[in-house]
Amino acid sequence: MKRLLTLLAACLLALCARAGALDDIVPLPNKAELRKGSLRLSGAPVKCDPAFDAVAREAVAAFAAQLGYVSGRACPFSAPLGLGGAVASGKVKGLIFVKDASLAPEAYSLDVSSRRAVVRASSRSGVLYALQTLRQLLPAAIYGSKAVDRQRWVIPACLIEDSPRFAWRGMHLDSSRHFWGVDEVKRYLDVMAMYKLNRFHWHLTDDQGWRIEIKAYPLLSQIACWREGTMVGRDFNSNDGIRYGGFYTQEEIREVVDYAAARGITVVPEIDLPGHMLAALSAYPELGCTGGPYAAWTRWGVSDQVLCVGKESTFTFLETVLSEMAELFPGEYIHIGGDECPKDEWKKCPECQALIRRLGLKDDGRFTAEQYLQSYVTKRIQDFLATKGKKIIGWDEILEGELAPGATVMSWRGREGAQEASRKGFDAILSPTSHCYFDYCQSEDPSGEPLGIGGLVTLERIYSFDPLEGIAPEAAGHILGVQANLWTEYISTPEHLEYMLLPRMIALSEVQWCREGARDEARFLRVLREHEYPVLDAAGYNYRK
Ligand code: ACM
Ligand code: ZN
C-alpha cells in the first residue's frame, strides 16, 4: 500500500511539475498558445539550418551543449543541409531551427508538439530570442553552470509567435565615473541578452575619466584615464586621495563589440562633447578655452570647463577620435552626448566669440548665440560622421538652437524632448529620468538602500511606463524605443551595479518588448518572484528583492 501511495504521489508530482508556463516567459511573448502535451529537450537532437550565420549556429550549438551538460543527457548538435524540406515532410524529431525569410528581422516562432520543437526565424536575432524563450521555459538551472539531475527538462507543447514592440531596447552603462572591467561588462551584456535587449549604450568619456584608447592621442590613456582621488560619500569637498583610473584598449573594445554581437546586441559608444570633457582636457589642455591647467575631476557634477570650439585643432581632435571609433564600432550610430554643456567659457573666449561672429550667430530671444554655436558643432560632427557611414544620437539638449535632419534625440530630461523631436520629424528614444534612471533609488524608504544620487524609480514605476504618452499618433513611428541609463557616480562595485540594474531591467524589458496593453503588473510581480529571481540566482547575479 505504502509503495502504491509513493508511486501515486510520484505520478501526481510528474503531472503537476510544470513544463515551464507560457505566462512565465519574460518578456511576455506577443502570442503564445498552449497545446496538449510536452516535449522532453534533454537528450534531444538539436539541428540548425546551415543557412543561418555562424554566430546563430554557434549560439544554437552552445545551447545544445549547455542543455546536455546541465541535464546530464547530451543533445547532439548538427547543421545538416535540406533541413527545411525534412521538417516539412515531418521526418525530423528534436529541436530544429529553420530559416524562414518571410519573418521580420527580429521575429521568431516556436512550434512545439510532443514529437519536436521547430523554431523559425529569418535572422540571427530571431534565433537568439527563440533560444532565450526556450531557456525561460526550462528549469532555472539552464542559466547556471552546475549539472543538476531530478529536474524536468521538458517544455510545453505550444505555439509562440513573437516579435518586439520597439526596435531600440537599450541599456546604458557609465564606465567613466567608475570603470568596469571587460568581464563585468560581459556579465552586463549577458543579462541584457537574457531579456532580449539589443542596444548597449556605452558612456566612455566624461569629466571624471576617459576610458577608450585612441591611438592618435596616446595621452588619453596615459593621463586622461586617471583622476587623483574620488569624493567620499556625498561630501563634495572631500577626496579619498586614491588615484583612480582605467581604460579599454582597442583590442578589448573589439572583444566587447564581438561578444555583444554574438548576443544580438549592438554597442552604441558615446563620446560626450563638447561638455563633459575635463578628463580629455587634462591630457590636451590646448583644446580648452583657457589652456588650463586641467585635471580630471575628483567630484561629481558638471564642469564649466569644456572644449574650445573656436579652435580648428578641437575639430581635428574630435574627427580623429571619431574616425578611430567608427572603425571600432560597426553599428550605425555613434552617440555624441551634447548634454549639460555650460557656455560660460565660450562667452569669455576670444576664439569662440570670433567663430560666433564669423558664423553670424546671434541671440534671438529663443536661444543664445552660444547655443547656436553648439548646434554648429553638432552639425559639423554629424556631417563628418556621415562620411564614415554613421548617424548621430545626442541627449535632448541637441534640440536647442537648430538641429539638422537625420539626428536622433535621446530624451532624458523628461518626455518633452521625444515629443518635440518626433513632432519635428526626428527619431527619438525615450530615456526620461522619471522612469529610466537606474541610478535613482528603488525604494520609497531609502534607509535600507545603498548610498545613491537620490531620486526614485521603483520597479512598479518603470513597469508602468507608457512610451507613447503625449506622442502624436502620426509621430509615433519616430519613437525608436526605450532605454534605461545607469550612471555610476555613487556605484563602485559590481555587486552594487547589479543591485541597481536588477530587477528593474527585467521590468524595462517588458516595456520595450510587449505590445501595447499586454503588460500586467500582478502577473509580472508573481513571475519575477517565482521565476526570474531563481533565474538570477542560477546565473549568479546580485539583485534587489
Ligand atoms: C544626462 O543624464 N546628463 C544625460
Ligand atoms: Zn573657446
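Whatever order the structure lists ligands and atoms in, that order sets their numbers, starting from 1. Side chains included, hydrogens not; waters and symmetry mates left out as well; all remaining heavy atoms used. Here the structure is a predicted model, which is why all the values come from computation and not from measurement.
Near Y437, meaning under 4.0 Å from any of its heavy atoms, are these atoms of ligand 1: 1 (C), 2 (O), 4 (C). For ligand 1, the atoms lying closer than 4.0 Å to a non-hydrogen atom of W487 are 1 (C), 2 (O), 4 (C).
The backbone N or O of F367 lies less than 3.5 Å from a partner atom in the side chain of D364, making a donor-acceptor pair. Distance alone, capped at 3.5 Å, is enough to place a donor-acceptor pair between the Y248 side chain and the W180 backbone.
With values rounded to the nearest 0.5 angstrom, Q419 atom CD is found 8.0 Å from E469 atom CD. The structure places CH2 of W210 at 10.0 Å from CG of L281, a figure rounded to the nearest 0.5 Å.
Annotation: F438 is not in aromatic contact with H172 [ring centroid separation under 6.0 Å not met].
Computed with the Zn ion (ligand 2) at the centre, the C308 SG to C352 SG angle is 110°, stated to 10 degrees.
The protein non-hydrogen atom at the shortest distance from atom 3 (N) of ligand 1 is D339 OD2, 2.7 Å.
Distances between N or O atoms of E340 and those of ligand 1 include at least one value under 3.5 Å.
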